[in-house]
Protein chains: 2
Amino acid sequence: MRACDGRLEASVEGVERLRDESLDAALARAVDVRFLAHVEQLETRARHDGTLATAYLGLARADMPAAGDWRPVDSSWPADERAFVAAAQARLRAKLSYTNLGFALAPELFTISELREVYVAALGYDVSATNLQRVLVRRGAIVRADGFRPPGRTGGRPAALFRFASDRLEVTDEFAALRPPR
Amino acid sequence: MRACDGRLEASVEGVERLRDESLDAALARAVDVRFLAHVEQLETRARHDGTLATAYLGLARADMPAAGDWRPVDSSWPADERAFVAAAQARLRAKLSYTNLGFALAPELFTISELREVYVAALGYDVSATNLQRVLVRRGAIVRADGFRPPGRTGGRPAALFRFASDRLEVTDEFAALRPPR
DNA sequence: GCAAAAGTGTTCTGGCTACACCCATGG
DNA sequence: CCATGGGTGTAGCCAGAACACTTTTGC
């Protein structure tokens, strides 16, 4: 999955595993894991033919020119793929709330407004830029980077640049979350 | 896993899956799932011999006379089993905080004190009976049942009986948790 | 100057914790 | 009557939400 242009997009690749092949190897054969900032195993299901299907959640940064068939996550997906995508999306939503998982969706450097769009796309509900900044800064998930992004033609104050403090999954607040607005 | 006599105990059974056999069938062959109030898939790993091992978290109620080799969860476990048990324990701890998962550990009817012992064993830190009751009642996870448990020889006020409102996993509060004491 | 975008200060709320206090029973 | 265990009342804390206000830019 990735958050691109304010939408959450997904790409589904089948992971076929050969006998005597590790899961990691099978995954690496199915997708180019260099494009993924975070990979996480989801669920293993038995198929009718006796083989096993293991689903993964892979997250790509918005600025990563990842190859693949990226499509917006909406109701146009086939039912079986939707089940996997829905599970992945639920997991993503939950972990965005209490971990630093945003690092896997946001580009290296970003403004709070850009980060907000990523969170809105992934969470599916509105998020205040003001509070998003305060929550993530307080938790130590994001830190100020040098420099500013100059405003566009329509003006406005230059936006400070931030970066995630870590590029590995960390639980930043086990007991809190980004609540949806009332 | 189960919480028994104030301790968290675990039993590890290998799940060997035959070709053309579903995962559920393989699990049912390895353990008697009738004794488990809740089953949840954890992780699938590839073994060196090319087979797959899928770990499950199964929870048994304290009053269930489950067969099996129940041992306290401590440092006496072999390293490889400990990794699975630790993952299961972490998952259990997390879900106890924001779901009604306690239904799978507590007996049908229980007093708040008994429920407290279950939570203390599973969470690994002290929990106040007062606040445990209020949190779970407010969330609607537990409800008053008829009757009281008479006090023992040492006296004391009779304890009100409670039961869990549901015996299926439900997210009772996505945005809160039982915090450990300071 | 004015609109637009970014950032800050401040208040409010709600869930949870902490702790003092009250209740009911056995001996 | 008193120790013991159970239950309630209440105050305080704190992360987060809400919102008014200030800052900095383009035109």
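In what follows, every chain begins at residue 1, and chains take the letters A, B, ... in the order their sequences are listed. The basis for the numbers below is simple: all heavy atoms, side chains too, and nothing from hydrogens, waters or symmetry mates.
DNA chain C is contacted by both A/Gly155 and A/Thr130; A/Gly155 maps to the nucleotide lying nearer its 5′ end (nearest heavy atom per residue). Residue whose closest nucleotide on DNA chain D sits further toward the 5' end, between A/Gly156 and B/Leu161: B/Leu161.
No more than 12 heavy-atom neighbours from other residues, nucleotides or ligands sit within 6.0 angstrom of CG on B/Asp146. Within a 6.0 Å radius of CG in B/Asp49, more than 12 heavy atoms belonging to other residues, nucleotides or ligands are found.
Applying the 4.0 Å criterion to OP1 and OP2 of D/dT8, one finds that B/Gln133 has a side-chain N or O inside that range. In this model, the phosphate group of C/dA6 is approached by a side-chain N or O of A/Ser113 to a distance below 4.0 Å at OP1 or OP2. Here A/Arg139 reaches the OP1 or OP2 of D/dG16: one of its side-chain N or O atoms lies under 4.0 Å away.
When each of B/Asp126, B/Thr130, B/Asn131 is checked for a side chain to side chain donor-acceptor pair (under 3.5 Å) with B/Arg116, only B/Asp126 meets the rule.
Spacing between atom CZ of B/Arg138 and atom C1' of D/dT10 amounts to 14 Å, rounded to whole angstrom units. The CG atom of A/Asp173 sits 14 Å away from the C1' atom of C/dG15 (whole-angstrom rounding). One can place CG of B/Leu132 at 14 Å from C1' of D/dG6, the figure rounded to the nearest angstrom. Per the geometry, CZ belonging to B/Arg157 stands 6 Å off P belonging to D/dT8, to the nearest Å. Between A/Arg149 atom CZ and C/dG7 atom P there is a gap of 11 Å when expressed in whole angstrom units. Between the CZ atom of B/Arg153 and the P atom of D/dC2 there is a distance of 25 Å, rounded to whole Å. Rounded to an integer number of Å, the gap from CZ of A/Arg116 to P of C/dG7 is 13 Å. Spacing between atom CZ of B/Phe148 and atom P of C/dA24 amounts to 10 Å, rounded to whole angstrom units.
Here C/dT10 is the nucleotide among C/dT10, D/dG9, C/dG7 with the atom lying nearest to any side-chain atom of A/Arg134. Among C/dG7, D/dG7, C/dA4, the nucleotide with an atom closest to any side-chain atom of A/Thr154 is C/dA4. Taking every side-chain heavy atom of A/Asn131 into account, D/dA17 is the closest of C/dT25, C/dG7, D/dA17. In this structure, of D/dA17, C/dA18, C/dA6, it is D/dA17 that holds the atom nearest to the side chain of A/Val135. Picking from D/dG26, D/dG7, D/dG16 the nucleotide with the shortest atom distance to the side chain of A/Pro151 gives D/dG26.
Note: B/Gln89 CD to B/Arg82 CZ = 9.5 Å, rounded to the nearest 0.5 Å.
The existence of a salt bridge linking B/Arg47 and B/Glu16 is confirmed by a sub-4.0 Å separation between a basic side-chain nitrogen and an acidic carboxylate oxygen.
Across all strands, B/Ala160 comes closer than 4.0 Å only to sugar-phosphate atoms, never to a base (heavy-atom distances).
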